[in-house]
**Student:** 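A single structure is presented below for examination.
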Amino acid sequence: MAIIVDNDTRLVVQGLTGSEGRFHGLRNKAYGTNVVAGVTPGKGGQDVDGIPVFDTVAKAVDEAGANTSLIFVPARFAADAIYEAIDAGIGTVICITEHVPAHEMLRAYTYFRPKGVTMIGPNCPGVLSPGKANVGIIPAEIFTEGSVGLVSRSGTLTYQIGHELTQLGLGNSTIVGIGGDPVVGSSFIDVLAKFEADPQTELIVMVGEIGGDEEEKAAQYIAEHVSKPVLSYIAGFSAPPGKTMGHAGAIISGSSGTAQAKKEALEARGIQVGTTPTEVAQLVAERIKA
Amino acid sequence: MAIIVDNDTRLVVQGLTGSEGRFHGLRNKAYGTNVVAGVTPGKGGQDVDGIPVFDTVAKAVDEAGANTSLIFVPARFAADAIYEAIDAGIGTVICITEHVPAHEMLRAYTYFRPKGVTMIGPNCPGVLSPGKANVGIIPAEIFTEGSVGLVSRSGTLTYQIGHELTQLGLGNSTIVGIGGDPVVGSSFIDVLAKFEADPQTELIVMVGEIGGDEEEKAAQYIAEHVSKPVLSYIAGFSAPPGKTMGHAGAIISGSSGTAQAKKEALEARGIQVGTTPTEVAQLVAERIKA
Amino acid sequence: MDLYEYQGKELFKRVGIPVSNGRLAETPEEARTAAEEIGGAVVVKAQVLTGGRGKAGGVKLADDPADAEEKARNILGLDINGHIVRRLWIESASDIAKEYYLSIAFDRGAKQPLFMFTTQGGVEIEQVAEENPDALIRLHTDPLEGYQPWIARKLIYDAGVEDPSEQKQIAAIVEKLYRAFVEFDAMLCEINPLIVTPDGEVKALDSKFTVDDSALFRHPDVAEWRDTSAADPIEAFAREKGVTYVKLDGDVGICGNGAGLSMSTVDVVAHVGGKPANFCDLGGGGSAEGVVDALEVITRDPQVKSIFFNIFGGITRCDEVARGILEALERLDMSKYPIVVRLDGTNAEEGRRILQEAGKPNIYPEATMLEGAKRAVELAK
Amino acid sequence: MDLYEYQGKELFKRVGIPVSNGRLAETPEEARTAAEEIGGAVVVKAQVLTGGRGKAGGVKLADDPADAEEKARNILGLDINGHIVRRLWIESASDIAKEYYLSIAFDRGAKQPLFMFTTQGGVEIEQVAEENPDALIRLHTDPLEGYQPWIARKLIYDAGVEDPSEQKQIAAIVEKLYRAFVEFDAMLCEINPLIVTPDGEVKALDSKFTVDDSALFRHPDVAEWRDTSAADPIEAFAREKGVTYVKLDGDVGICGNGAGLSMSTVDVVAHVGGKPANFCDLGGGGSAEGVVDALEVITRDPQVKSIFFNIFGGITRCDEVARGILEALERLDMSKYPIVVRLDGTNAEEGRRILQEAGKPNIYPEATMLEGAKRAVELAK
């Protein structure tokens, strides 16, 4: 099983002929992901190491049977790429591109949301289901197959925690980096719901950070809808109020959105919050073995 | 039962203090419709013959419990009124206003359609469920309560057919004038689905006219999804190609959209098409008695 | 409201779609002056709201101003499918390497804008659709998503345009045409042909542009472009009077209230063997004054021999219609027309009483639509 | 990017929101000239990207140009919440009858624009939200529906604005503010106070405007308004170098890759009893050059005593980071800083080998994030 990407994934990479698209597209393929097509307008008919390139996503769907898209196009073309993928019938869209204008994402989000499309990102590391498929830039070698679902707003912090889990002999069902932008396609709640429904996932780790109120909303959702154990880690306890710490999403407004407030909201719902990435991994190990 | 409007209807009239809104709003009330509120910006706090007037639809929902809206505002404010009603949580919107710009309706339609709202019109006579509620400008005295569902793109033609039915002692479950504009909130198919699900309705009469392909699509829908008998009438057999016959919807483009093409599409699916309103009524009477 | 080629091109220019330099002319002399101002070879094009003007001799190349004057003289006054040529568009002649087709239509059926594009332009698009359907790229888009660059890319790549410069120019034109479609509330924006010159320049050589009548209040300048002279004189008069009227070819004048009932009345008259002279809709209101106006319009048609009033009162009150008919009998010369009147619905009894009391010999009351139609057909014989 | 009041008002003017006539001044003399040009009484307003300037003495009324000069002299150089006043906005003084509040925020939580309006303006909106929540009208709207007139009506009627002229003016301002919000890719547009003068004129007396950094490429003129002098000098330098850097108050310099891991590193350093000197994110790339830049930025802070590199290679390659550190040791004077380095992920072994072979005495490799943090804290003592 696993979620979002798996053995049924038939991937088209939008921007496959660009340097990043090519590098990660081929890495994803080397991992075993079924990369069926690339799209670069004007380069239809070419191929990248045997992966056929088309001018439009529609052609990649019609002729290569793509059902999942990985977007590597520059920020100012990202919204267009998302619309193109969705209107071509792609059901799962994963957008790595950072610095996508927030208003464009807001309109795109409002557009695709009622259509039941799964969108991850933008400004995210992608999705990895160890042993099945890797779609994005997550270094797959850190992770092993297993039963821990991992969802995070951050890239490298996810690797850190994954690494700590691997050190303790724990594997993952799927690792989902939802991205740190003001508007992302999937929230913690969206991903939690998928993990809850996934038989492979036995325990969920949610890695949050300061800014917004997604972790607080997730806490309530977990209490009401998630039967599997959930553990959490929050980054940004030492962040000064009003400062942006890299992610546009991490602006604190007033008292709400602080790491402390998020921790309290989670703990109030019985969700344990580790103090360091190392501690989170230890907590997971204890819970799994219990 | 009946469809769209009934004893559960709690009506707010947008534009109640205007001359048309007042005239028909009070007529609807006199018929027995539960008219709970009017809305006219700047006239909140006033009343029209005891019907309280509010500044916003949201207030009419909050304070008077309105669940259905009847729109009589001028064409250039109609789209705004539709959005206001839907965003205030109104589930059924009936818009009488004619000459609403087509592009505005197109955007509004695309907006509200995924929300599951029932919208009738614009440029329509409204909806009448005899003995229960009358919302719009249909002269209720022509009709009696009964088992024939009537759906039509035209106003007075509906009265004509209703009158013919009444002459033959046949009553109606609901009479729905869907309107003749290029974009209307509900198509024949939407209304047919409601009649099919309505226990009071035993037979359906569909009154179409030249232009568009709604009748053709309805024919197919009926063949696949409607178990109740359907009879039809189409206006415009004598219309010359390329001429507008009053309704903006009635422009023939090429051979498609002619009355003859619609008749053939319906008959091919086994749906009888009466040659005159009188004949349609007679066919209904025969079918009901059979 | 359908726009002339030159009006559509004016809107194209406003959004930045390339068109040829041109001038309007209504006389051969104006055509000569226009050709002088433009310089070089020009095309003299009949401005008519119908297709097929090329085959009808409505489009001619002229080498110089004198030639333009002569060609204009030949074209002005031509009858093209019933449309008399009164205006000419004189524009710089273009060399044509390729002819493409591009349009955006308001697709009522799909309730979405419909883009159509093909490299097989220059002929009627229906012909392409029939003979070479795979060459016609059709694309519905979401009005809330709005224009996105992938739309142009899909049209261009699916149609097989391969030249990068053409691709770029066409993509820009697709975006601008969509802007024109939305900004001017268009029901149709068509460029046929969209040409590529031997130099590789892409431009709109013709335009077909229909603006939503209901949105004209937002485009007062476009609304003023309406050419009442182009319409049938009776239809023009009807528009002036605010009466919805379409001329047909028969002898039974028809007046109903509401488009559906009026259409149905025309059908029933034909069904019982008559020849309808017109479609005429009193509309929702139906005041006495509106009835007088309608009768004035209907009786302008010399073919009319009898008149059938088929009224089902809803908002329209039958007593008001009856008064209007009597008023018309006094104000207009109606004595030669037998008038069959069928009244039902709101205040029908009062209306019938009014007519009966007036005792006019040429008024024939009938109880039903069918009987009224039969009587009117009879009286037209 | 946060805009100064005068910049936000420039955008207000562009969409037609009424503001007072004003001039920018950076010296007392310029303030006098501005007051002369404006005429009459003026207000001298400190331009700082922080709240509470009124209480801090940053806003003063001046009766005449001489007075304006004096007030400017008093205000320039003031420290308001750590922001030094370097610019003044001199504008025509307004008589105030009422103070309202209006804003549109990009609500990330709801993923919708959020309109807020109250007649209790002129104070911090948080205060209204707390003390008089019913007076604060909040309205989320759908970005695809866009602006519709009912939005303004709901705000106005729910807030209890009763004067028809005020209603009309405010409705127009709400529509224009939404246009500004969308056109300029705003994360926040706030007017506080939105005043009504004794003559009944409604206008924006202040502005708070934040533009999405990711959309600045679409607004090159706005992007140029960025005032690098306002930032902390080290942060300004970091921006110049393209390094994501936030100054904190401690002595352990921190450098991670990726915002989440960097933040977590700051937390862990604090958790083990240290005081982080900064947040510094190498970002996704992490070239050797980027590492040198980051170290140059970090060492500009005189409080820094030790540095902790915490790298988990994904796209970032650890060997590249190691090379960058060695490069920095050569190019910068780094001898006084102990540098703790923890490398994991892509090419980590190679990175560790490079550092080991270099044999630099002030480089301390550590195997884990936690151990690295502890060591860095120790070394800062």
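Each chain gets a letter, A, B and so on, in the order the sequences are listed, and its residues count up from 1. In what follows, every heavy atom counts, from backbone to side chain, and hydrogens, waters and symmetry copies are set aside.
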**Student:** Can you find a heavy atom in the side chain of Arg218(D) that is under 4.5 Å from one in the side chain of Glu104(A)?
**Tutor:** yes

**Student:** Report yes if some heavy atom in the side chain of His271(D) is under 4.5 Å from a heavy atom in the side chain of Phe237(A); otherwise report no.
**Tutor:** no

**Student:** Which bit of Tyr233(A) is near chain D, if near means a heavy-atom gap under 4.5 Å: side chain, backbone, both or neither?
**Tutor:** side chain

**Student:** Would you sort out whether Phe217(D) and His99(A) count as a side-chain contact (heavy atoms from CB on, under 4.5 Å), showing the intermediate values?
**Tutor:** CA-CA 10 Å; Phe217(D) 72 88; His99(A) 304 306; over 6 Å; no

**Student:** Select one option (side chain, backbone, both, neither) describing which atoms of Val182(D) are under 4.5 Å from chain A's heavy atoms.
**Tutor:** both

**Student:** Looking at Pro277(A), Gly208(A), Pro101(A), Ser152(A), which has the largest count of heavy-atom pairs under 4.5 Å with chain D?
**Tutor:** Pro101(A)

**Student:** For Arg113(A), is it the side chain, the backbone, both, or neither that has a heavy atom closer than 4.5 Å to a heavy atom of chain D?
**Tutor:** neither

**Student:** Roughly how far apart are Ile142(A) CD1 and Phe312(D) CZ, rounded to 0.5 Å?
**Tutor:** 4.0 Å

**Student:** Show the numbers, then the answer: is there a side-chain hydrogen bond (donor to acceptor under 3.5 Å, both in side chains) between Asp267(D) and Ser238(A)?
**Tutor:** CA-CA 5 Å; Asp267(D) 288 350; Ser238(A) 309; 3.2 Å; yes

**Student:** Rounded to the nearest 0.5 Å, what separation is found between the OG1 atom of Thr265(D) and the CD atom of Gln160(A)?
**Tutor:** 7.5 Å

**Student:** Identify the heavy atoms of Gly260(D) and Glu209(A) that sit nearest to each other, and give their distance.
**Tutor:** CA-OE1, 4.0 Å

**Student:** Quick check for you: among Pro113(D), Cys280(D), Ser262(D), Pro143(D), which has the greatest number of heavy-atom pairs under 4.5 Å with chain A?
**Tutor:** Pro143(D)

**Student:** What's the spacing between Thr156(A) OG1 and Asn310(D) CG if we round to 0.5 Å?
**Tutor:** 8.5 Å

**Student:** Any side-chain heavy atom of Leu261(D) within less than 4.5 Å of one from Tyr159(A)?
**Tutor:** no

**Student:** Any side-chain heavy atom of Leu370(D) within less than 4.5 Å of one from Thr276(A)?
**Tutor:** yes

**Student:** So does Gly109(D) get a backbone contact from the side chain of Lys217(A), meaning a donor-acceptor N/O pair under 3.5 Å?
**Tutor:** yes

**Student:** Report, as yes or no, whether the 6.0 Å neighbourhood of atom CZ on Arg138(D) holds more than 12 heavy atoms from other residues, nucleotides or ligands.
**Tutor:** no

**Student:** If you count heavy-atom pairs under 4.5 Å between each of Thr278(A), Val100(A), Ile137(A), Leu106(A) and chain D, which one has the most?
**Tutor:** Leu106(A)

**Student:** For residues Pro139(A) and Gly314(D), report the shortest heavy-atom separation together with the two atoms involved.
**Tutor:** CG-CA, 3.7 Å

**Student:** Has Arg179(D) got more than 12 heavy atoms of other residues, nucleotides or ligands less than 6.0 Å from its CZ?
**Tutor:** yes

**Student:** Contact between Met263(D) and Ile210(A) at the side-chain level, heavy atoms closer than 4.5 Å - yes or no?
**Tutor:** yes

**Student:** With a 4.5 angstrom heavy-atom cut-off, which part of Asp107(D) approaches chain A: side chain, backbone, both or neither?
**Tutor:** neither

**Student:** Could you tell me whether the side chain of His163(A) reaches within less than 4.5 Å of the side chain of Asp344(D), counting heavy atoms only?
**Tutor:** yes

**Student:** Would you say Thr346(D) and Glu141(A) make side-chain contact, with heavy atoms under 4.5 Å?
**Tutor:** yes

**Student:** Please say whether more than 12 non-hydrogen atoms of neighbouring residues, nucleotides or ligands are located less than 6.0 Å from NZ in Lys208(D).
**Tutor:** no

**Student:** Identify which part of Thr110(A) has an atom lying under 4.5 Å from any heavy atom of chain D, answering side chain, backbone, both or neither.
**Tutor:** both

**Student:** Please find the pair of heavy atoms, one from Ala102(A) and one from Phe106(D), that lie closest to each other, and give the distance.
**Tutor:** O-CZ, 3.5 Å

**Student:** Say you draw a straight line from OG of Ser264(D) to CD1 of Ile234(A); how long is it, rounded to the nearest 0.5 Å?
**Tutor:** 11.0 Å

**Student:** Could you check whether any side-chain heavy atom of Arg108(D) comes within less than 4.5 Å of a side-chain heavy atom of Val183(A), counting everything from C-beta outward?
**Tutor:** no

